[in-house]
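Structure first, commentary second.
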There are 2 protein chains.
Amino acid sequence: MKTDKLFPFLQWLPSYGKDQLKGDLSAGLTVGIMLIPQGMAYAMLAGLEPIHGLYAVTIPLMLYALFGSSRQLAVGPVAMVSLLTAAGISGMGADGPGEYLLYALTLAFLVGLIQFSMGIFRLGFVVNFLSHPVINGFTSAAAIIIGLSQIKHLLGISLPNSEHLDIMVLAILENISGIHWATVALGIMGIVIIKYGKRIHPAFPAPLAAVAVGILMVWGLGLDTLGVKTVGNVPSGLPSFSAPSFDLSGWGTLFPIALTISLVGFAESYAIAKTVHARHKNYRLDANQELLALGIANLGAAFFKGYPITGGFSRTAVNNQAGAKTTLASVFSAILVMLTLLFFTGLFYHLPNAILAAVVLVAVSGLIDYKEPLNLWHKDKADFSMLLTTFLITLTLGIETGILAGMALSLLMVIYRASRPHMAQLGRVPGTNVFRNIKRFKNLEVKEDLLMVRIDGPIYFANVEYIREKMEKWIRDRNGKTKMIILNLESVTSIDSTGAHELSEWISNWREFEMDICISGTKGPVRDVLNRWNLISCIGSDHVFMDDQTAVAFFDQKLDQESIQKYAPYALQSNSDKKIDKSRI
Amino acid sequence: MKTDKLFPFLQWLPSYGKDQLKGDLSAGLTVGIMLIPQGMAYAMLAGLEPIHGLYAVTIPLMLYALFGSSRQLAVGPVAMVSLLTAAGISGMGADGPGEYLLYALTLAFLVGLIQFSMGIFRLGFVVNFLSHPVINGFTSAAAIIIGLSQIKHLLGISLPNSEHLDIMVLAILENISGIHWATVALGIMGIVIIKYGKRIHPAFPAPLAAVAVGILMVWGLGLDTLGVKTVGNVPSGLPSFSAPSFDLSGWGTLFPIALTISLVGFAESYAIAKTVHARHKNYRLDANQELLALGIANLGAAFFKGYPITGGFSRTAVNNQAGAKTTLASVFSAILVMLTLLFFTGLFYHLPNAILAAVVLVAVSGLIDYKEPLNLWHKDKADFSMLLTTFLITLTLGIETGILAGMALSLLMVIYRASRPHMAQLGRVPGTNVFRNIKRFKNLEVKEDLLMVRIDGPIYFANVEYIREKMEKWIRDRNGKTKMIILNLESVTSIDSTGAHELSEWISNWREFEMDICISGTKGPVRDVLNRWNLISCIGSDHVFMDDQTAVAFFDQKLDQESIQKYAPYALQSNSDKKIDKSRI
């Protein structure tokens, strides 16, 4: 591996100039200002002290800057991964916040290890197996669950942690009488500032403004003495070194959730990295390098009191809009957060939890997508049902089951598609030598004793059974009148050994039932395979044709009882030569 | 479901005649004679008393006769399933033969339940996902393991039960000094009779002859008093009713092996049923009905002191050759075994175990296939390595791991293929309007500012990433000279919503980098999808062409700075009409 592939920053560093610096600085500071409230809010969502959300964007961001192949991706805590962290750790029965933190560090360590290994073993392609509708349904459901989990902070009531819709809704209804109205007022104010603050000016740091207003109100009006819950003491200083747990039985329990976070986190991160990359293209985005970089960043989080992080949607968009040219922007963000940790943590004492809840709520409300389901309902019913299934499973059975069900669904879809290649019966367009699918075109000429079939796709173990059954059905449908079968293989891209065995079996079976068989329009690689398995000689080289019309002519002449030999010149005589010959293409 | 689909025998019963009866009677009795030694031998292989192999072919065979859709399949104990039964139960630490039998009954019950449910839920297609090379490698390895497991009976030594090659070979070597020569002599005699007895006459019941000679020799020479192990007391009478265990924790432990037996058993059974069916075709073979029938037969085995069974290779072949016309043949086989159980069990007292071992050894020696690996080595290296991997894993890590690894390998292959559709850059065959893959054909005309690509296969979530990366690579390879991309979609069979989203993203990205894009040769269903997602208007309806040459002409004219409008007549103007129009096909 070349050094500048392992350290992508070496690609831009030599030519780094003032223009880039200006963009990176402005973007880095903008994102840093977003990171302070968001980091604290998401850490709270993960069930951690808010400060760990700030720790998570110090060393890890610098590590990503060294290894990341995307130049605009802004990594850090995100809502989904934070919720998954909470869901994973809540099942461990942690004995106090110290042990809870230890589990969070261990989770970050495992996520780092998994992502790093996946990067090394070049498994980035697995993310392809989460289809678009599955991600969409999953994200909408997760946003609803995340939103509901913040209701308690917004209403100022105590609720048990849960990611199950029914339990959450029931608990909210049971505790509705305990609503703390001052907290609700602060929360609504926060939502209004964050949601409508942008209208003042696109660069207005709305979440930070909400934080400032919240702190001032609690401090000025003494709201904390009236029962408004605040962040309280935040220790100052940079994160000290921390170690994850190396208890292997704990690893076993955390592994499923770590795997889920690794995959979901990477899928989210890579999706946004791709979108932003499409606007630049002056560098190469590499899925495996991204896995590696995210893995290393998460290992950094594990050793410096953070928790699992990944590339975030909104901050990356802001980073790009604010002019980030390289990963140096992330370094500036990290520096800003570190200065805050050193000098300004005292300010957060009066920060009300309801404001942080407002930050999360506004962020995730944008993730609930109702347009795409409607769109799919009109345009692709199969994909719509995948979306709806994933959405409902996630909402009712929880986030982890939801993502697993989504992957299983996607995989089943791949298998289902792979096992059912498109097949068409062909007929002649009257007055031409063109043959088309009789289902798509009307008025085609079809002979009742000639079955012409085109197979679209490879012939291999996963689909031979389907092809055989479909052929047999079509033969049955013709009530024994079929005298010849012409297999058009022009769209067959490959044939494996199972396919070759089956093909030769079909040929001998059909011939036993007095149906002759011809092949037309094979591609080069397929012709090679047919030769290698002696299928050409099994069919007879005078039964292999360059196109449908010669095959049909052969059939017509055969019916007329004329000599077959006469037509040998039309047939493909030498199958191994590959030089161009007009009569063959 | 129609009654005669659930009970396939209703299809032949009304027209059943003398001819069929003659064939069924002769086949049924021939197979019954085979079943007596084989059933006892395989039960011994499964670690059970030999009599359970006979019990397993009473009621279960009659049940299969009622529900089976194959008319020639002969079900009963087979070597592979017997070995899997032994492997599964040996891990349970059974407390004496009574508990061992209980586990065998429970296993049969679970297998029955799984196969029955798979049949009901129409999951018969899963068997497609064991590819030919995987089955071949697995069978050869399993045959070696089964053969080795019989060595102890042949040598007259005691060995621990194991399905691990190294343990077995080591144990044989350690105990080699204890060889009992009289037992060896009997065993070799058995092998010779069974293997060469057929040469006398094809209908000669060689295994039964070996059993008879073995019994006579032990009885006449008093070999049992010299230490030759024999079957001993075999209780007479039909099997009484038995119940499997309903202890759920036991079910949990047995489930993996039950699932393996269900799949392997069904795969073996269906493969032979298909082969025989191909010689008849006067009835419909249905994978799901076969699952249902095997499931019910196994439930029968669970409740009448049998153990897991399936359709066997050699007996089915004999059944077919001996003239079986319907499943009534199986009923005759069952009746013969039941008569034996009622009146002749006393004869088996002196039957030496070595003869039963000889029956198994000869049967499995035919399963070791060295021709196909050689064949694949020459013809399909990818399939060869799948065969070899499955063979080695099965041989070293055991049967269960082997079959799971084989399925995983097959599945990975499906996913790998699905994620990498064949793609080709096209060039013009000089002097023609024909465009071909520049990798397969030499001397094609390629313009350096025109990238023509054909995608062979569907465009959907599992492969969009691969397609995008390949396109970007080809664009990069041309060092920014590309001015237009023509996507030939003639081999694209479908596009899902992820594919449609990506396609529209690619189009806008490419246009941003000043590369225009045209589409040529779409099929009907794909054109419908493109219309539904507004991709035709996104590309521009004047950029969609019926074939490559019109698209290239459009590109040439555009370069010549001439008006694009001029070429509108060539473009596909109305995409929704499906009536035939010569200029469009």
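Each chain gets a letter, A, B and so on, in the order its sequence line appears, and its residues count up from 1.
- Heavy-atom pairs under 4.5 Å with chain B peak, among A418(A), A462(A), S491(A), S494(A), at A462(A).
- For D383(B), the part lying near chain A is the side chain, with the backbone staying farther off; criterion is any non-hydrogen pair under 4.5 Å.
- When M413(B), R284(B), K274(B) are compared by the number of non-hydrogen pairs under 4.5 Å with chain A, K274(B) comes out ahead.
- Per-residue heavy-atom pair counts under 4.5 Å with chain B were compared for P525(A), P133(A), A382(A), and the maximum is reached by P525(A).
- Contacts between P458(B) and chain A at a heavy-atom distance below 4.5 Å involve the side chain alone, from C-beta outward.
- Of all the listed residues (A500(B), S497(B), G457(B)), the one sharing the greatest number of non-hydrogen pairs under 4.5 Å with chain A is S497(B).
- Closest approach of L291(A) and L123(A) over heavy atoms only: CD1-C, 4.3 Å.
- Distance alone, capped at 3.5 Å, is enough to place a donor-acceptor pair between the T275(B) side chain and the A271(B) backbone.
- Heavy atoms of R454(B) lying under 4.5 Å from chain A belong exclusively to its side chain.
- Heavy atoms of E490(B) lying under 4.5 Å from chain A are absent altogether.
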Quiz item: How far apart are the C-alpha atoms of D528(B) and R440(A), what are their side-chain angles, what is the distance that settles it, and do they pass the salt bridge (Lys or Arg N to Asp or Glu O under 4.0 Å) test?
Solution: CA-CA 12 Å; D528(B) 295 349; R440(A) 300 280 317 173; 3.3 Å; yes

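- No other option in I135(A), I415(A), L376(A) has as many heavy-atom pairs under 4.5 Å with chain B as I415(A).
- Looking at Y270(B), the atoms closer than 4.5 Å to chain A (heavy atoms on both sides) all sit in the side chain, from C-beta outward.
- Between the side chains of N375(B) and K371(B), not a single donor N or O lies within less than 3.5 Å of an accepting N or O.
- Note: H277(B) and Y283(B) have perpendicular aromatic rings, judged against thresholds of 30 and 60 degrees for the angle between ring planes.
- Checked by atom type and distance alone, the side chain of S69(A) never pairs as donor or acceptor with a backbone atom of Q289(A) at under 3.5 Å.
- At least one test fails for K379(B) against the ring of W377(B): distance under 6.0 Å to the centre or angle within 45° of the axis.
- Note: E465(B) leads E505(B), E465(B), H378(B) in heavy-atom pairs under 4.5 Å with chain A.
- Salt-bridge check for R468(B) with E472(B): passed, with a basic side-chain N closer than 4.0 Å to an acidic carboxylate O.
- For a residue to count as touching a neighbouring chain, one of its non-hydrogen atoms must lie under 4.5 Å from one of that chain's; by this rule T493(B) touches chain A with the side chain only.
- Residue N534(B) touches chain A through its side chain alone, counting heavy-atom pairs closer than 4.5 Å.
- Interface remark: E502(A) contributes side-chain atoms only to the contact with chain B (heavy atom separation under 4.5 Å).
- When I455(A), D456(A), V453(A), D548(A) are each tested for a side-chain contact (heavy atoms from CB on, under 4.5 Å) with N488(A), only one passes: D548(A).
- Contact annotation for F384(B): neither backbone nor side-chain heavy atoms come within less than 4.5 Å of a heavy atom of chain A.
- The candidate with the highest count of non-hydrogen atom pairs below 4.5 Å against chain A, out of Y460(B), F461(B), F513(B), is F461(B).
- At distances below 3.5 Å, at least one donor-acceptor pair connects side-chain atoms of D369(A) with backbone N or O atoms of E372(A).
- For S410(B), the parts sitting under 4.5 Å from any heavy atom of chain A are the backbone and the side chain alike.
- Separation of atoms CD1 (I517(B)) and OG1 (T482(B)) is listed at 11.5 Å; rounding is to 0.5 Å.
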